[in-house]
Amino acid sequence: MSMFCYQCQETGGNKGCTVKGVCGKNEEVAKLQDLLTYTLKGISILAVKGKADVSRLDKMNKEVLKSLFMTITNANFDDGHIEEQIRKMIALRDELKNSVHADGLHDAAVFTVESRESMLEKAASVGVLSTGNEDIRSLREMIVYGVKGMAAYAEHAWNIGKKDPAVTAFIYEALAATLDDSLTADELVAMTLKTGEHGVKVMALLDGAHTGRFGNPEITKVNIGVRKNPAVLISGHDLTDLEQLLEQTKGTGVDVYTHGEMLPAHYYPAFKKYDNLVGNYGNSWWKQLDEFVSFRGPILFTTNCIVPPRSEEVRGRIFTTGAAGYPGCKHIDADENGKKDFSEMIALAKTLPSPEPIETGSIVGGFAHHQVLALADKVVDAVKSGAIRKFFVMAGCDGRMKSREYYTEFARRLPKDTVILTAGCAKYRYNKLDLGSIGGIPRVLDAGQCNDSYSLAVIALKLKEVFGLEDINKLPIAYNIAWYEQKAVIVLLALLYLGVKNIHLGPTLPGFLSPHVAKVLVEKFGIAGIGTVEDDLRLLLA
Ligand code: FSO
Ligand code: SF4
């Protein structure tokens with residue numbers, strides 16, 4: 001076996017990618033990511049054992065978040081970039097080691113590597129399979145994946161100037177715990193829930209950062225057609241990158257289109273003032289292979305999900321920034337003030353044709369907590385009168401698997417007195433179906449990006465209060481969630497922490513759940529997989 005990774009939903013045979021990732025990640029990148037993660041665990045041990053004051057480790061904290069983000073599915077395929085990050089983190093680790101007093105340190109806190117070869121050799125002994133016991137491995141990895149998702153959201157918030165030392169301190173605590181052989185399975189289960197608790201914190205932090213800086217999302221019609229100007233496409237989740245791009249393109253004659261998870265940017269008041277922010281181009285991440293060809297202009301990846309491009313022509317138009325990276329694609333770094341220079345991309349756009357139209361019309365979104373709560377009276381009346389029978393939270397991710405057609409079919413066949421609450425790229429499975437509305441409330445309410453699943457939790461908690469219920473599970477809400485990568489893991493753990501039960505998770509249960517750990521999730525939280533559309537409709541409507 002040359003590599004082992006089972007962190008995402010598309011993992012080979014739902015067991016693990018062992019030769020090459022289904023995502024396109026090769027053995028070398030997989031191993032370097034394993035070693036980067038191991039280095040972060042070493043740093044975490046030093047921070048915990050040395051009782052470091054985390055709030056004073058700003059430089060380290062930011063790099064830890066970025067490193068974790070670089071190991072998330074489809075974020076960074078660039079071996080050179082990851083190697084450089086390993087070296088940077090080892091240097092930071094060694095600085096920390098000199099300033100804390102701790103004995104008997106774990107290998108992760110002290111190992112050294114010189115060459116790429118020695119990195120790969122070391123990586124082979126520190127990856128996922130280095131934990132022999134299947135259940136312990138499963139719990140450790142679930143924590144690591146939750147922490148990766150948490151780091152991604154924390155990094156976005158940080159870029160807006162919002163940090164929570166409690167979240168960073170927890171990241172160190174959790175990562176250190178994954179190398180602590182004295183912890184029992186029960187203690188690791190408790191750590192998993194604590195991960196969910198901090199997941200809620202980080203999503204609230206990011207929500208506050210986004211709304212504080214860009215205003216509260218409001219109901220918005222987003223154009224899905226094109227204009228005849230040259231254009232740049234921006235993908236991923238980082239709204240500060242979008243802001244900088246819009247500032248730099250305004251008045252240049254170059255249009256900007258959002259892609260994938262950047263779609264919800266249109267819902268924020270702050271972005272409405274840019275008349276060159278034209279609309280959203282294309283669909284969810286995995287359709288980029290065709291849609292980037294027809295877009296014809298430069299594409300900026302601010303985060304995942306990158307699919308390895310098929311042609312040199314497309315690769316030459318892809319730029320990355322932040323934690324994202326792809327070999328051969330130009331990476332744009334921030335200067336010490338966080339400023340990014342997109343001039344090369346904008347100049348390239350001017351030499352290229354305008355996007356080819358692939359769709360026309362518009363879609364509606366912007367139903368984050370503030371907007372939905374502004375409509376609360378209407379929503380509550382509709383529930384009381386029976387006009388709305390049930391809500392279906394169908395947040396999460398989209399993916400390539402054919403089995404995900406289930407979600408389109410499920411949405412299509414839901415009775416007309418039901419409403420879908422969505423967030424994340426999962427929405428692309430049904431956001432262009434004409435599902436109509438109930439008394440002026442659209443039947444698909446899009447709150448935003450995957451992190452805006454937080455909004456859905458806020459809405460549920462508010463409804464619980466309005467209806468005077470003791471238990472969030474007494475609400476007429478069913479959860480049929482689709483997952484793909486590690487941000488979905490933190491969203492799931494956050495929902496479990498909030499007490500949400502009976503979540504249906506698909507299209508497959510995570511391959512990283514051992515049979516025993518899966519059993520615990522079923523017994524404790526009522527987690528279930530999906531069945532046929534027909535059976536699940538019957539079950540969830542009951
Ligand atoms: Fe999707 Fe990709 Fe947002 Fe993920 S574009 S899959 S869960 O990165 O982060 O929803
Ligand atoms: Fe396989 Fe997913 Fe890991 Fe890629 S991220 S190697 S597809 S498990």
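Just so it is clear, the values below take in all heavy atoms, side chains as well, and ignore hydrogens, waters and symmetry mates.
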Side chain [X], main chain [Y], donor-acceptor under 3.5 Å:
X      : Y      : answer
Thr195 : Gly146 : no
Glu291 : Asn283 : yes
Glu173 : Ser44  : no
Asp452 : Gly424 : no
Arg140 : Thr178 : yes

Salt-bridge criterion met for [X] and [Y] (N-O under 4.0 Å):
X      : Y      : answer
Lys31  : Glu27  : yes
Lys25  : Asp79  : no
Arg317 : Glu313 : yes
Glu84  : Arg87  : no
Glu141 : Arg137 : no
Arg429 : Glu405 : no
Lys340 : Asp333 : no

Tyr268 and Gly215: which non-hydrogen atoms are nearest, and at how many Å?
CD2-O, 3.2 Å
Heavy-atom nearest pair, Ile420 first then Ala411, reads CD1-CB, 3.6 Å
Evaluation steps, salt bridge (Lys or Arg N to Asp or Glu O under 4.0 Å), between Asp398 and Lys287
CA-CA 10 Å; Asp398 195 15; Lys287 293 205 167 164; over 6 Å; no
Between Phe301 and Tyr326, is the ring centre distance below 6.0 Å?
no
How many angstroms lie between atom OG1 of Thr321 and atom CG of Asp241, to the nearest 0.5 angstrom?
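Reported to 0.5 Å precision, the distance equals 5.0 Å.
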Looking at OG1 of Thr258 and CG of Leu277, how far apart are the two atoms once the value is rounded to the nearest 0.5 Å?
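The CG atom of Leu277 is 6.5 Å from OG1 of Thr258, to the nearest 0.5 Å.
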The criterion is salt bridge (charged side-chain N to carboxylate O under 4.0 Å, His left out); which residues satisfy it with Glu10, sequence neighbours excluded?
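For Glu10, the residues satisfying salt bridge (charged side-chain N to carboxylate O under 4.0 Å, His left out) (neighbours in sequence not counted) are Arg400.
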Suppose we screen for salt bridge (charged side-chain N to carboxylate O under 4.0 Å, His left out). Which residues come up paired with Lys432, at least two apart in sequence or across chains?
Glu359
Let me see the working for Glu218 and Lys272 under salt bridge (Lys or Arg N to Asp or Glu O under 4.0 Å), right down to the final yes or no.
CA-CA 11 Å; Glu218 47 196 37; Lys272 298 193 184 206; 3.5 Å; yes
Is any side-chain heavy atom of Asn74 closer than 4.5 Å to one of Thr303?
no
With no hydrogens and no angle check, do the side chains of Asn216 and His369 hold a donor and an acceptor under 3.5 Å apart?
no
Give the intermediate values and the outcome of salt bridge (Lys or Arg N to Asp or Glu O under 4.0 Å) for residues Lys59 and Glu63.
CA-CA 6 Å; Lys59 185 173 169 209; Glu63 290 297 333; over 6 Å; no
Anything under 30° is parallel, anything over 60° is perpendicular, the rest tilted; go ahead and classify Tyr484 against Trp285.
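Ring orientation, 0 to 90° scale: parallel.
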Below 30° counts as parallel, above 60° as perpendicular, anything between as tilted: where do the rings of Phe410 and Phe392 land?
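Ring orientation of Phe410 relative to Phe392: perpendicular.
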Only one of Thr73, Leu68, Val144 passes side chain to side chain contact (heavy atoms under 4.5 Å, CB included) with Gln486; say which it is.
Thr73
How about NZ on Lys62, more than 12 heavy atoms from neighbouring residues, nucleotides or ligands closer than 6.0 Å, or not?
yes
Heavy-atom neighbours of His370 NE2 exceed 12 at 6.0 Å:
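At most 12 heavy atoms, drawn from other residues, nucleotides or ligands, come within 6.0 Å of this atom.
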Take Lys66 and Glu155, measure what salt bridge (Lys or Arg N to Asp or Glu O under 4.0 Å) needs, and give me the verdict at the end.
CA-CA 7 Å; Lys66 182 178 174 190; Glu155 206 205 26; over 6 Å; no
Residues two or more places apart in sequence or in another chain: which of them pass side-chain contact (heavy atoms from CB on, under 4.5 Å) with Ala494?
Val200, Met203
